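The sequence lines fix the lettering, A, B, ..., with proteins before strands; numbering per chain opens at 1. Given the structure is predicted, the values throughout are model-derived calculations rather than measurements.
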Amino acid sequence: MGEEARLTLVLGGARSGKTAFAEGLVAGSGLEPVYVATGEAHDDEMADRIARHQSDRGPTWRTVEAPLDLAGTLRREAAAGRFLLVDCLTLWVTNLMMAGRNVDEEADALGAALEAGVGGPVLLVSNEVGLGIVPDNAMARAFRDHAGRLHQTIAALAGTVYFVAAGLPLKMKG
Amino acid sequence: MGEEARLTLVLGGARSGKTAFAEGLVAGSGLEPVYVATGEAHDDEMADRIARHQSDRGPTWRTVEAPLDLAGTLRREAAAGRFLLVDCLTLWVTNLMMAGRNVDEEADALGAALEAGVGGPVLLVSNEVGLGIVPDNAMARAFRDHAGRLHQTIAALAGTVYFVAAGLPLKMKG
Amino acid sequence: MGEEARLTLVLGGARSGKTAFAEGLVAGSGLEPVYVATGEAHDDEMADRIARHQSDRGPTWRTVEAPLDLAGTLRREAAAGRFLLVDCLTLWVTNLMMAGRNVDEEADALGAALEAGVGGPVLLVSNEVGLGIVPDNAMARAFRDHAGRLHQTIAALAGTVYFVAAGLPLKMKG
């Protein structure tokens with residue numbers, strides 16, 4: 001199996017049901033499901049939400065946190081017999097920007113790691129954020145540009161790409 | 001015919017042509033068309049716009065207003081031989097928020113009414129609003145979350161779901 | 001060949017890869033490629049970006065500027081054996097608004113020119129901007145309405161319409 005067949009991208013808007021759809025794909029694979037969370041619990045509300053989602057996924061899922069070193073985490077965790085679900089790329093881009101990292105370099109490094117193959121199948125979830133009015137805020141514009149470029153990089157490498165709206169998947173590739 | 005075959009959701013962006021597309025579906029059905037307006041004429045500009053749209057639809061359409069009690073209106077108005085067009089769900093969510101209602105409870109009640117069947121075919125139009133940058137404003141974020149969850153609920157119940165862009169429909173389900 | 005077969009619309013979000021996809025369609029046609037730029041170099045950053053894109057396209061492309069008189073430029077430049085790529089319609093709408101022009105009249109005039117036929121194939125690229133939250137700003141709302149109406153006009157005339165996300169085209173028409 002080529003590396004591209006092991007890589008899936010699920011794009012969608014806010015509250016589009018993209019994560020639930022992605023969880024269904026991973027759970028239905030029969031492989032050991034691993035949830036790679038890019039979000040961090042900065043406050044009680046966020047901690048509650050993370051705990052609730054973890055409990056919703058049930059005990060078969062293991063959760064690992066990867067707020068910044070996503071490529072390294074994928075190389076460490078991916079393996080034959082396991083299916084990694086990364087939720088989500090846009091939060092990872094936010095974390096990189098907050099940490100003052102060079103997002104384009106980090107995105108290229110992630111792309112290179114995925115292209116070389118990380119040892120097992122990976123599904124990446126991300127928010128499409130480029131279909132509204134140009135934001136006034138320069139930081140928001142930079143974020144939107146980083147996210148859009150990253151989506152193009154990952155979609156070019158992926159074997160399968162879905163766009164999810166209202167909980168319904170539309171296959172864009174594969 | 002199962003209830004799901006009687007329910008259609010038409011999603012689209014601002015000025016995407018979603019309402020014109022929906023009106024064409026209803027008018028082409030040969031059933032008596034009823035326009036269920038969730039918008040209210042709060043000022044002269046809005047009143048003018050509503051009157052112009054009503055005149056554009058022509059005399060075969062009857063218009064009923066349902067700014068808040070959408071489930072009740074559908075139960076009262078839906079009937080065999082009639083096709084109801086609800087325009088639009090996002091305006092209904094806005095009205096509920098403005099009136100201080102519990103949007104999730106109202107959305108669940110609408111879903112339950114539609115699932116039980118309201119007596120005739122219904123087409124619901126709504127704005128997809130979750131594909132831009134996260135809004136700064138907490139109210140706008142809450143609105144976006146409510147709309148996204150409602151779209152998932154309705155799409156799961158609907159027999160047919162369209163996404164409209166530039167006046168062109170893309171069938172997502174059905 | 002009917003005029004509609006000569007007209008292509010490529011819609012997509014910010015950094016969706018829509019221009020690269022459109023360039024590939026034009027370059028792959030074997031016709032003489034002409035880039036019709038609606039953007040103007042108002043500052044050094046923009047001038048740099050324009051020069052870089054021109055150099056990326058390579059020496060086979062000729063570039064003409066059409067910040068306002070798009071219909072006239074298309075009539076002058078289009079010809080059998082040439083393929084014009086207009087990048088992009090949303091920037092043209094912005095220029096018209098900044099210049100105080102009547103956007104709906106200009107959009108109708110562009111539609112009429114394209115419907116009558118301009119002498120050769122034309123591909124128009126544009127940003128879909130209507131899928132986020134309603135903007136606070138009245139100017140942004142007017143821009144969004146103008147862009148949405150223009151997209152409907154062009155899509156109705158076009159033989160082929162694509163929606164591009166993450167660099168992947170989805171055919172909406174044709």
[X], [atom1]: over 12 other non-hydrogen atoms inside 6.0 angstrom:
X	atom1	answer
C:R49	CZ	no
C:D44	CG	no
C:N102	CG	yes
A:D136	CG	no

- request: Could you pull out all residues at least two apart from C:R62 that satisfy side chain to side chain donor-acceptor pair (under 3.5 Å)?
  value: C:E77

task: Rounded to the nearest 0.5 Å, what's the gap from CD1 on C:I133 to CD1 on A:I133? Could you check?
output: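 Taking CD1 in C:I133 and CD1 in A:I133, the distance rounds to 12.5 Å.
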
message: I need the minimum non-hydrogen distance between C:G12 and A:L131, along with the two atoms involved.
response: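 Taking C:G12 first and A:L131 second, the nearest heavy atoms are C-CD2, 4.1 Å.
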
- request: Of all the heavy-atom pairs spanning A:A155 and C:L168, show the shortest one and how long it is.
  value: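 Scanning both residues completely, I find the closest heavy atoms to be CB-CD1, 4.1 Å.
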
message: Using side-chain heavy atoms (C-beta onward) and a distance below 4.5 Å, is A:V134 in contact with C:F143?
response: no

- prompt: With a 4.5 Å heavy-atom cut-off, do A:L170 and C:L170 have their side chains touching?
  reply: yes

query: Is the side chain of A:Q152 donor-acceptor paired with the backbone N or O of C:R15 at a distance under 3.5 Å, no angle test?
result: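 Such a contact is found between A:Q152 side chain and C:R15 backbone.
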
